[in-house]
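Take a look at the structure set out below.
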Amino acid sequence: MGAYKYLEELHKKKQSDVLRFLLRVRCWEYRQLPGLVRLNRPSRPDKARRMGFKAKQGYVVYRVRVRRGGRKKPLSKGINYGKPVNAGITQLKPTRNLRSLAEERIGRKCGGLRVLNSYWINQDAVYKYFEVILVDPAHKAIRNDARINWICNAVHKHRELRGLTSAGRKGRGLQGRGHLYTKARPSRRATYKRNQRVSLRRYR
C-alpha cells in the first residue's frame, strides 16, 4: 500500500484515538481563525487528490466554515400570518447541502477562480468545515494542461452556483445511474412538468 492508501484507511476510522485527537486539536485551531482561509496545502492530501487536486501552479485550496443545522424561517415574532401549510418556522431544512453552500461562499469571494470540488474536513457542535479546491483559469499551467483546461471554457463560470459540482449534483439527485433514476433527469422539476402536461395529439 502506498502512503495515500494508509491516509485513506486512517480517515475511515474517525472514532479511533488518533483521529479523535487530531480532529479535536485541529477543530480548536479552526475556531480561532476566520470563516474563509486560504491554505498552503490541503489537510487531507489523499482526499484532495481524489477530488482532482494537483500540487502545481494554478490550484488553490480554501477552508470554508458553514453553520450547521436547519434553516429557521426569518419571521418577525416567529409568526406567519398565512395559511397553516406555510406556518412552519422551525424544523425547516435547506434544499442544498452544506458542502454546496461552502462552495458557493468561496465561489462568490474568489470570482476569478473556478470551483473544482470540495470535501469534509471537520465539524463541531456549531460549524462544519470544508476544504474547497479552486482552479485559476487564466494560469498558463492550467490552460496548457489537457486534463484540466476544460474548466477554462466560459460555460464553467460559477459552476457551484448552478449545481454543476459534485455537491450540487448530489443535491439535485443526479448521482445515481440506471433505470430507476430516469425521473431525476434532466431534473426532477422538468420530469414533473413533462409528466403533468396533457399531450393531446391532433387527429391526422
Side-chain angles (χ1 to χ4, degrees), residues 35-36 47-48 50-53 60-121 123 126-135 137 147-204:
L36 298 175
K47 184 70 171 176
R50 275 181 284 145
M51 294 287 118
F53 175 78
V60 186
V61 180
Y62 271 86
R63 183 173 58 243
V64 188
R65 185 180 71 193
V66 185
R67 191 172 276 270
R68 293 178 63 183
R71 291 295 177 264
K72 187 178 173 183
K73 198 181 286 185
L75 292 175
S76 174
K77 301 180 186 174
I79 303 170
N80 185 349
Y81 298 98
K83 301 285 173 61
V85 69
N86 299 318
I89 306 296
T90 58
Q91 301 187 18
L92 300 178
K93 281 77 176 172
T95 310
R96 289 163 51 213
N97 53 50
L98 297 181
R99 187 156 71 95
S100 180
L101 293 178
E103 291 177 353
E104 178 186 342
R105 284 187 192 168
I106 196 63
R108 289 186 190 280
K109 183 79 170 175
C110 306
L113 303 178
R114 305 274 160 86
V115 174
L116 180 62
N117 219 324
S118 61
Y119 52 92
W120 177 95
I121 50 165
Q123 68 186 48
V126 184
Y127 296 107
K128 279 199 178 190
Y129 299 90
F130 300 94
E131 281 180 7
V132 184
I133 304 164
L134 300 109
V135 178
R147 285 198 178 92
I148 192 63
N149 62 7
W150 55 268
I151 209 167
C152 300
N153 294 340
V155 293
H156 295 296
K157 288 180 181 177
H158 290 293
R159 305 168 66 231
E160 72 287 350
L161 299 180
R162 296 177 287 134
L164 302 181
T165 57
S166 175
R169 288 171 63 82
K170 183 178 182 182
R172 292 164 58 202
L174 295 177
Q175 276 199 331
R177 293 280 186 274
H179 71 286
L180 293 173
Y181 286 94
T182 51
K183 289 183 178 170
R185 296 179 189 282
S187 70
R188 284 176 294 193
R189 192 174 286 118
T191 309
Y192 173 81
K193 286 176 72 174
R194 188 176 70 235
N195 292 340
Q196 294 298 311
R197 192 172 59 231
V198 179
S199 178
L200 302 172
R201 301 290 172 86
R202 254 176 55 187
Y203 176 71
R204 300 192 190 283

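Everything numeric here is computed off the predicted structure, so don't read it as measured data.
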Legend entry - Residue pairs passing the ring pair (Phe, Tyr, Trp, His ring centres under 6.0 Å) test where at least one lies in residues 155-187, sequence neighbours excluded: Trp150-His156
Inset, instruction - State which residues pass side chain to side chain donor-acceptor pair (under 3.5 Å) with Glu131; sequence neighbours excluded, sorted by chain then number. - result: Ser43, Tyr119
Legend entry - Rounded distance (nearest 0.5 Å) linking atom CD1 of Ile151 with atom CZ of Arg159: 5.0 Å
For residues 83-92, tabulate all N or O donor-acceptor pairs below 3.5 Å that involve a side-chain atom, not counting sequence neighbours.
none

Inset, instruction - Please examine the side chains of Leu36 and Arg63, heavy atoms only from C-beta on, and report whether any two atoms are closer than 4.5 Å. - result: no
Inset, instruction - To the nearest 0.5 Å, tell me how far Phe130 CZ sits from Asn117 CG. - result: 12.0 Å
Inset, instruction - State whether the side chain of Arg197 and the backbone N or O of Tyr192 hold a donor-acceptor pair below 3.5 Å, judged by distance alone. - result: no
Legend entry - Pairs flagged by salt bridge (Lys or Arg N to Asp or Glu O under 4.0 Å) wherever residues 85-102 is involved - sequence neighbours left out: Arg96-Glu104
Legend entry - Gap separating the NZ atom of Lys128 from the CD1 atom of Ile121, nearest 0.5 angstrom: 12.5 Å
Inset, instruction - Please list, chain by chain and in numerical order, all residues satisfying ring pair (Phe, Tyr, Trp, His ring centres under 6.0 Å) with Tyr129, sequence neighbours excluded. - result: Tyr30
In residues 163-178, what donor-acceptor pairs under 3.5 Å come from side-chain atoms, sequence neighbours left out?
{"from": "Thr165", "atom 1": "OG1", "to": "Glu103", "atom 2": "OE1", "distance (Å)": "2.6"}
{"from": "Thr165", "atom 1": "OG1", "to": "Gly168", "atom 2": "N", "distance (Å)": "3.4"}
{"from": "Arg172", "atom 1": "NH1", "to": "Gly163", "atom 2": "O", "distance (Å)": "2.7"}

Inset, instruction - State, with a plain yes or no, whether a side-chain heavy atom of Arg194 is found less than 4.5 Å away from one of Pro186. - result: yes
Legend entry - Separation of Lys157 NZ from Cys152 SG (nearest 0.5 Å): 12.0 Å
Inset, instruction - Can you measure from OG (Ser76) to OH (Tyr81) and round to the nearest 0.5 angstrom? - result: 6.5 Å
Inset, instruction - Would you name the heavy atoms of Tyr62 and Leu134 that are closest together and state the gap between them? - result: CD1-CD1, 3.5 Å
Legend entry - Donor-acceptor under 3.5 Å (Arg108 side chain, Leu161 main chain): no
Legend entry - Heavy-atom closest pair, residues Arg162 and Val155: NH2-O, 2.6 Å
Legend entry - Crowding at CZ, Arg50 (>12 non-hydrogen neighbours, <6.0 Å): yes
Inset, instruction - Check step by step if side-chain contact (heavy atoms from CB on, under 4.5 Å) holds for Val61 and Val132. - result: CA-CA 6 Å; Val61 180; Val132 184; over 6 Å; no
Legend entry - Derivation and outcome, side-chain contact (heavy atoms from CB on, under 4.5 Å), residues Leu113 and Val60: CA-CA 9 Å; Leu113 303 178; Val60 186; 4.2 Å; yes
Inset, instruction - Output yes when a side-chain donor or acceptor of Thr191 lies under 3.5 Å from a complementary backbone atom of Lys183, and no otherwise. - result: yes
Legend entry - Separation of Lys47 NZ from Phe53 CZ (nearest 0.5 Å): 15.0 Å
Legend entry - Whether Arg114 side chain and Pro137 backbone form a donor-acceptor pair below 3.5 Å: no
Legend entry - Stepwise side-chain contact (heavy atoms from CB on, under 4.5 Å) test for Val115 and Ile133: CA-CA 6 Å; Val115 174; Ile133 304 164; over 6 Å; no
Inset, instruction - Can you establish whether the number of heavy atoms outside Lys73 located under 6.0 Å from its atom NZ is more than 12? - result: yes
